[in-house]
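Just below is one structure, and these are the notes that go with it.
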Amino acid sequence: MAVRQTTLDLKRVSDFVQAWQGGLSQQAVVIPAGHEDIDLAPEFKLDLILPALGRVGPLTCQIIQRMPDGSVAARIAELPSKAARGMEKVLELIAEVKEHLLATGELVEPGALVAAPEALAEEPPELPELPELPELDEIPAGEGSPVTELEPDQAPPELPEDLLDDEPAAEEPAAGEPAAEEPEAPEHDDPAGVVRGPRGVPMPQLGGLSPTLQGVMGDTSVREALYSLSLSRAQGAFVVTSLTEQRRVMYLRDGGPVGFTADPPVDEERLGALLRASAQLPATQLDAAEALMSRYGLRLGEALVRAGVVTHEQRVGLLQRQAELQLKRLLGTRDAEWTFTPLERLPEPFLLAPIHTPTFLYRAVLQHAATRPAQIILGGVKQRAKLFAIVNPRRYALIPEVAWSRPEQELLVTLRRKPERLENLVRGSTAGDMRLAATILAMVETDILILNKLPGLTQGDPEAQARRVHEKAAKVGQQSAFDVMELHWICTQEAIEARFKSLLEEFDPGALPDEPTIRAENELVVNAVKAAYAAIKDAAARQALRAQLFDAELIQGTRALLLSRGKEAVAANDKLMAVEHLARLVDLAPEDPEALDALKAATALKLK
């Protein structure tokens, strides 16, 4: 028997904050896998245990998605004012504790011990290095120059002569620092334990080595290369040569950048220049560190540590920010060519952990998308509203590597199981819709998602098509007519007709590979789709089937929820959202006068 009541323990502050950011703020909650020994009922009661406040609830929840890993996503149908005030109180307490710890010095903001300059911030707003994000209708999947694989005997592109910066640089251009070899004892008075060595990461000595990848900056070849190098944990030199003969070099270890250099050097990217520009370190401290640099041949980061200005951990943090800035500027380079050459050894044992470039690229594009005007973001989605968002099969291996947020993970899991039209994903203009629209834009731009006319990737991809047929055929025998049609159990006649048409197009046998097994499975799927369509195309038949599948309490609760949400949308003059909720309500309760009146009021609204 299904469980109808459960408890979610969020008494740890970290657990509560994660749940809040993961959807609780939007009246959504994820019940982790293994929380209950048996399945939760479609509608259940939930008690939350909050930090400091204890138990809050019971809250009425309705399941909206069962995840492949066993976790369950549910929507809180109604959030009582007492529960809402309780959660707000927890957030206020967290803010008060943080303020107290900051005031007493027991906690510092990231980078505050040695306040990082604005130029070292995680997302420098004044540096538009990344290309302008195109409108959604300007994003054709897969467009751009491909990464060119070079044959072993193919001559590499002409490069400037290899350079090695043997002279000490005036400032530190490095994103990482080596554990330099101990020099011979100097004649002057070195302080005990000082490690000296050449300043500045050297340019690569490529000699007769041939690059294995090459392309042009500004097209998708860069993205493809970064993804491939990350997955293969490559080590080597990624060299960008501009028309002005400037060379930027990014050293990779384990597939990610660990150090940068340039010829000629970029003065404003040096650590010393960045720290002086911020004016957040006393000039006297920088002067003292630079005096040590000059006297003992140190790099600035080491000199800052030796001078007692920063700790080793703070130095690594500063270098990490510097490296992210340099990566962003390298990605923004235009009118240039790039090559990647594998190296058995890097010139230095760099201090930094490798930057995960797929995550960095996605976050940078998402940040840019999120700052665009609302009308542009939502307008781009509406122009492609009928297209299906599909997880790109070519990125299946990459997706587990990216550091996704909980909502992003849930979106990818949902779309991996069943592609959705954009109009079904982004239904309004709330803050949540804006965030989701920006997320979809960023995933499309970084090739994680593909937009397609059909809910399957059958065009020109026989393997993906065969996999889709096989997976569908394995399920149809155990699914309800709604599930076979890939529809919610509350759906309109219009949605049924549209889905039936799209499924027949997707499983058209004329586009199948010539394999008897796949063709037989496809015939099974088509017959199941036709039978499911016949079972729910009539309104009365849908009503009867719902009554068989779901208990009366769930149907009545869903009716109340749709009516409440529809009336809220009418009051907010949100016609699209109001019609969406109320049209489904009328299909669920076609003879309900309150539902009919509410739908009439919704259709009379003018579009915003």
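Fair warning: this is a prediction, and the values are worked out from it, not measured in the lab.
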Checklist entry - With no hydrogens and no angle check, is any side-chain donor or acceptor of R334 less than 3.5 Å from a backbone partner on S242? => result no
Checklist entry - Do the non-hydrogen side-chain atoms of L252 and V258 ever get within less than 4.5 Å of each other? => result no
Item to check | Nearest-0.5 Å distance that lies between atom CG in L304 and atom CD in E290 | outcome: 8.5 Å
Checklist entry - Which distance, rounded to the nearest 0.5 Å, do you find between the CD1 of I355 and the CG of L226? => result 11.0 Å
Checklist entry - Would you say the side-chain atoms of R253 pair up with the backbone N or O of L352, donor to acceptor, closer than 3.5 Å? => result yes
Item to check | Short side-chain to backbone donor-acceptor contact, E324 and R321, under 3.5 Å | outcome: no
Checklist entry - So, do F16 and L91 sit near enough that their side-chain heavy atoms are less than 4.5 Å apart? => result yes
Checklist entry - Can the ring centres of F350 and Y251 be said to be less than 6.0 Å apart? => result yes
Checklist entry - Looking at R384 and L451, what are the two nearest heavy atoms and their distance? => result NH1-CD1, 4.3 Å
Checklist entry - Are R223 and D447 close enough, and set up right, to give a side-chain contact (heavy atoms from CB on, under 4.5 Å), and what steps lead you there? => result CA-CA 9 Å; R223 180 188 66 205; D447 206 36; 3.5 Å; yes
Item to check | S221 (side chain) donor-acceptor with M217 (main chain) under 3.5 angstrom | outcome: no
Checklist outcome for this item: What one should report as the nearest heavy-atom pair of T357 and S230 is OG1-CB, 4.1 Å
Checklist entry - From E445 CD over to I440 CD1, what is the distance, rounded to the nearest 0.5 angstrom? => result 14.5 Å
Item to check | Atom pair CG/CZ of L271 and R299 - distance to nearest 0.5 Å | outcome: 11.5 Å
Checklist entry - Roughly how far, to the nearest 0.5 Å, is CZ of R421 from CZ of F388? => result 3.5 Å
Item to check | Within-4.5 Å side-chain heavy-atom neighbours: F238 and V249 | outcome: no
Next on the checklist: Is it the case that the side chain of E420 and the backbone of A389 share a donor-acceptor pair, with hydrogens and angles ignored and the cut-off at 3.5 Å?
Outcome noted: no
Next on the checklist: Ignoring hydrogens and geometry beyond distance, is a side-chain donor-acceptor pair present between E408 and S405 at under 3.5 Å?
Outcome noted: yes
Item to check | R435: salt bridge (charged side-chain N to carboxylate O under 4.0 Å, His left out) partners, not counting sequence neighbours | outcome: none
Next on the checklist: Working note: F260 + R248, criterion side-chain contact (heavy atoms from CB on, under 4.5 Å); need CA distance, chi angles, decisive distance, verdict.
Outcome noted: CA-CA 7 Å; F260 294 82; R248 281 182 174 270; 6.0 Å; no
Item to check | Derivation of the side-chain contact (heavy atoms from CB on, under 4.5 Å) call for L425 and L415 | outcome: CA-CA 10 Å; L425 293 171; L415 295 180; 4.1 Å; yes
Item to check | Heavy-atom pair with the smallest gap, counting every atom of E401 and H356 | outcome: O-CE1, 3.1 Å
Checklist entry - Do the side chains of P204 and V239 get nearer than 4.5 Å, heavy atoms only? => result yes
Next on the checklist: If you compare all heavy atoms of A336 against all heavy atoms of V240, which two are closest, and at what distance to 0.1 Å?
Outcome noted: CB-CG1, 3.8 Å
Checklist entry - Is L213 close to E224 at the side-chain level, that is, under 4.5 Å between some pair of heavy atoms? => result no
Item to check | Partners passing salt bridge (charged side-chain N to carboxylate O under 4.0 Å, His left out) against D335 (at least two apart in sequence or in another chain) | outcome: none
Next on the checklist: Any non-hydrogen side-chain atom of L387 less than 4.5 Å from a side-chain atom of E423?
Outcome noted: no
Next on the checklist: Could you check whether any side-chain N or O of E269 sits under 3.5 Å from a backbone N or O of L325, counting only pairs where one atom can act as donor and the other as acceptor?
Outcome noted: no
Checklist entry - Do H368 and V365 have side-chain heavy atoms sitting under 4.5 Å apart? => result no
Checklist outcome for this item: In short, T339 meets P211 closest at the heavy-atom pair CB-CB, 3.8 Å
Next on the checklist: Between W338 and T241, is there a side-chain donor-acceptor contact under 3.5 Å, judged purely by atom types and distance?
Outcome noted: no
Item to check | T439 vs Y362, side-chain contact (heavy atoms from CB on, under 4.5 Å): CA-CA, chis, key distance, verdict | outcome: CA-CA 9 Å; T439 297; Y362 169 74; 3.4 Å; yes
Item to check | Note, N392 side chain near I448 side chain (heavy atom, < 4.5 Å) | outcome: no
Item to check | Minimal non-hydrogen separation, A397 against L231, with atom names | outcome: O-CD2, 3.7 Å
Checklist entry - From I450 CD1 over to R395 CZ, what is the distance, rounded to the nearest 0.5 angstrom? => result 8.5 Å
